[in-house]
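Notes for the one structure printed next.
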Amino acid sequence: FTSTREKVMASTALLERIKQQGDLVRKLKAEKAPKEKLDEEIAKLKALKLELGDGGGSAGAQGGKLILKTAKGTRDYQPQQMAVREKVFDMIISTFKRHGAETIDTPVFELKDVLTGKYGEDSKLIYDLADQGGEMLALRYDLTVPFARYCAMNKISNIKRYHIAKVYRRDNPSIARGRLREFYQCDFDIAGQYDAMMPDAECVKIVQEILSGINVGKFVVKVNHRMILDGIFEVCGVKADMFRTICSSVDKLDKSPWEEVRKEMVDEKGLDEESADKIGEFVRMSGGEELIEELLKSKLAESKTAKQGLEDMRLLLRYCDIYGCSEVVSFDLSLARGLDYYTGVIYEAVLCGDAKDANGEDITVGSVAGGGRYDGLVGMFDPKKRSVPCVGVSIGIERLFSIMESNMTKQEVKIRTVDTQVFVITAQKNLVEERMKIVGELWGNDIKTEHSYKKNPKMLNQLQYCEENGIPLAVVIGESELEKGVVKLRSIATREEEEVGRGELVAIIRTKLSIKPQLD
């Protein structure tokens with residue numbers, strides 16, 4: 001009786017929570033609340049309703065049926081998509097290695113204290129984990145803060161490293177725009193005390209090499225300097241303790257018009273209108289070396305901070321010109337990058353907007369790479385506050401994939417999802433063991449080989465498999481070939497066949513595939 005009564009009470013309490021949550025959702029709709037807030041409260045309402053339907057059980061099942069879906073902001077990848085991703089990752093890794101980088105790995109979750117206070121207003125997007133045996137943990141938000149923690153913990157003062165791994169953000173997702181809650185970042189960072197702008201210019205060059213190599217259309221690498229921004233705020237009358245919060249507002253200029261950003265500065269953050277208007281005059285400027293010279297003669301040069309930033313920027317543009325990447329670089333005073341840890345040069349690569357999907361609609365993916373200098377981050381973790389200057393770049397690979405997938409859909413490109421080079425075919429029955437001997441021999445010589453998992457497969461089915469999967473060569477064996485000690489080597493594309501002695505098979509396949517002999 002007590003158990004039944006408790007269930008009724010629990011059910012009544014749950015119904016009351018559902019009513020309250022429903023009232024809240026209706027109120028937010030009436031007030032035209034931000035979509036992100038509304039979506040969050042609707043998700044809570046759905047979870048409560050599912051809980052009621054389960055009789056208090058899991059919110060992932062309803063009426064005893066498991067709802068098969070990926071979590072919000074995540075996705076599965078098909079073999080064709082993964083084949084493209086692997087090629088792109090290989091190209092990116094080869095670029096990082098060409099510039100002398102080595103790789104590391106760090107845990108997917110960190111102590112929460114390691115991550116908090118490093119991302120400014122974006123800290124609300126960090127995924128907290130439930131208490132795990134006394135440790136407060138969170139999923140990593142990016143690869144930069146874990147890298148700084150790694151350097152401090154291991155007392156590293158010089159390293160050039162790349163790191164490709166998944167990161168997690170409680171962002172409002174958009175699959176079409178390549179904005180997910182779980183996604184890969186490809187990071188390249190140089191830590192160490194070096195001469196001004198030399199590592200910084202190499203990071204810009206790496207962005208140019210990667211985006212040119214992936215072939216996603218026209219792009220521009222916007223560059224700015226935190227010291228220039230701080231100087232702008234200084235000469236415009238912003239108090240020093242408001243620099244970072246005003247900087248995070250300026251960071252929204254790539255998504256929102258100036259009027260909206262100005263309104264946020266004045267109405268929400270308490271900046272006076274005169275200062276906001278002065279900032280507006282600066283942040284709408286962009287150009288090259290001529291803009292730097294113009295600013296050095298302006299009121300902005302009265303700020304020592306801004307003057308140092310402008311000198312750095314002039315040197316950066318000079319080095320970019322020497323490296324042959326200046327044609328894609330633009331000095332843009334609206335670029336702010338909202339993360340708190342940047343201290344010097346900042347940059348962001350954006351596509352120039354002529355990417356379209358299969359229906360001819362524009363694909364807006366926003367920033368596809370970003371980074372900058374963060375000289376104080378390692379010192380935040382070091383017990384002796386030992387500073388290690390760092391500069392790095394992160395490639396937003398998911399956003400680039402959304403463009404590439406669209407291009408492949410339009411072009412109807414057939415993508416190979418397997419790397420198989422040879423398929424071993426039997427033309428008659430009861431030859432499975434002979435087939436397996438040849439397969440084993442080819443595997444032993446590092447030749448990518450497959451065969452049918454049926455004992456007596458049909459010849460036509462085996463050849464069709466080769467054609468469908470783009471396998472270039474087939475080794476065909478029958479009883480007559482076994483008696484003569486030969487096999488038939490068939491080109492799938494031309495359907496031409498030649499007899500090859502068993503002892504010569506590996507060498508001839510290697511020649512046809514242009515594979516170098518194995519070194520013992």
Side-chain angles (χ1 to χ4, degrees), residues 75-91 93-94 214-215 358 401 404-520:
R75 59 177 289 191
D76 292 323
Y77 294 93
Q78 307 299 335
Q80 292 88 344
Q81 293 168 320
M82 287 306 299
V84 174
R85 289 166 79 87
E86 284 182 351
K87 283 180 184 173
V88 175
F89 280 138
D90 287 346
M91 191 278 285
I93 289 169
S94 71
I214 293 175
N215 191 24
F401 282 135
M404 295 175 70
E405 285 175 17
S406 163
N407 289 343
M408 289 185 306
T409 304
K410 283 188 289 185
Q411 295 164 11
E412 297 181 354
V413 177
K414 183 166 174 58
I415 299 152
R416 280 198 75 188
T417 58
V418 297
D419 292 340
T420 309
Q421 297 164 315
V422 179
F423 196 88
V424 181
I425 292 174
T426 43
Q428 284 121 6
K429 292 183 178 181
N430 303 319
L431 295 174
V432 63
E433 292 187 7
E434 296 299 328
R435 193 170 77 217
M436 291 171 81
K437 285 177 189 174
I438 294 174
V439 169
E441 182 184 349
L442 296 180
W443 283 342
N445 284 278
D446 200 28
I447 294 169
K448 300 180 180 81
T449 310
E450 280 189 89
H451 72 116
S452 172
Y453 292 129
K454 291 189 174 181
K455 282 187 176 180
N456 301 308
K458 291 179 180 175
M459 179 86 168
L460 183 62
N461 291 347
Q462 295 171 89
L463 290 170
Q464 277 180 338
Y465 181 86
C466 294
E467 288 181 2
E468 287 167 5
N469 289 279
I471 300 170
L473 296 175
V475 171
V476 184
I477 54 169
E479 289 173 358
S480 61
E481 283 81 15
L482 287 174
E483 287 171 10
K484 291 194 284 183
V486 298
V487 298
K488 282 182 181 167
L489 191 57
R490 179 184 176 107
S491 165
I492 299 300
T494 64
R495 302 188 178 183
E496 292 175 358
E497 290 185 346
E498 62 178 295
E499 281 195 352
V500 174
R502 275 297 301 273
E504 304 169 295
L505 180 61
V506 170
I508 290 173
I509 287 175
R510 284 187 174 282
T511 302
K512 286 186 177 292
L513 296 171
S514 302
I515 302 173
K516 292 177 182 177
Q518 280 183 307
L519 298 173
D520 293 331

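Just so we're clear, the structure is a prediction, and the values are computed from it rather than from any experiment.
Rounding to the nearest 0.5 Å places CD1 of I477 at 6.0 Å from CD of E434. Summarising the geometry, atom NZ belonging to K87 is positioned 7.5 Å from atom CD1 belonging to I415; distances are rounded to the nearest 0.5 Å. Atom CG of L505 sits about 9.0 Å away from atom CG of N445, to the nearest 0.5 Å. Taking CD1 of I438 as the reference point, atom NE2 of H451 lies at 11.0 Å (rounded to 0.5 Å). Residue T426 holds its OG1 atom at 9.0 Å from CE of M459, rounded to the nearest 0.5 Å. Atom CD in E441 sits 5.0 Å away from atom CZ in R502 (nearest 0.5 Å).
Counting only distance, with no hydrogens or angles, the side chain of R85 and the backbone of F401 share no donor-acceptor pair below 3.5 Å. No donor-acceptor pair closer than 3.5 Å links the side chain of N469 to the backbone N or O of T417.
Crowding of M436 atom CE: a count of heavy atoms from other residues, nucleotides or ligands under 6.0 Å not exceeding 12. Counting heavy atoms of neighbouring residues, nucleotides and ligands inside a 6.0 Å radius, atom CG of D90 exceeds 12 of them.
In terms of heavy atoms, L431 sits closest to G478 at CD1-CA, 3.8 Å. Taking both residues in full, the closest heavy atoms of Y77 and Q81 are given as CA-OE1, 3.3 Å, listed atom of the first, atom of the second, then distance. The heavy-atom pair separating Q462 from F423 by the smallest distance is CB-CE2, 4.0 Å. Taking both residues in full, the closest heavy atoms of L442 and I509 are given as CD2-CD1, 3.9 Å, listed atom of the first, atom of the second, then distance. The minimum heavy-atom distance between C466 and I492, with the atom names listed, is CB-CD1, 3.7 Å. Of all the heavy atoms in T420 and E450, the pair that sits closest is OG1-OE2, 2.7 Å.
Not a single side chain to side chain donor-acceptor pair (under 3.5 Å) links Q428 to another residue, sequence neighbours left out. Under the rule for a side chain to side chain donor-acceptor pair (under 3.5 Å), K454 has no partner lying at least two apart in sequence or in another chain. Partners of K448 by side chain to side chain donor-acceptor pair (under 3.5 Å), not counting sequence neighbours: none found. Residues satisfying the salt bridge (charged side-chain N to carboxylate O under 4.0 Å, His left out) test with E504, not counting sequence neighbours, are none.
Applying the salt bridge (Lys or Arg N to Asp or Glu O under 4.0 Å) rule to pairs touching residues 415-431 yields nothing, sequence neighbours excluded. Under the salt bridge (Lys or Arg N to Asp or Glu O under 4.0 Å) criterion, the residue pairs touching residues 470-482 are E481-K488, with sequence neighbours excluded.
Here the side chains of R510 and Q421 are not in contact, with every heavy-atom distance at 4.5 Å or above. Residues N456 and V432 fail the side-chain proximity criterion, which asks for heavy atoms closer than 4.5 Å.
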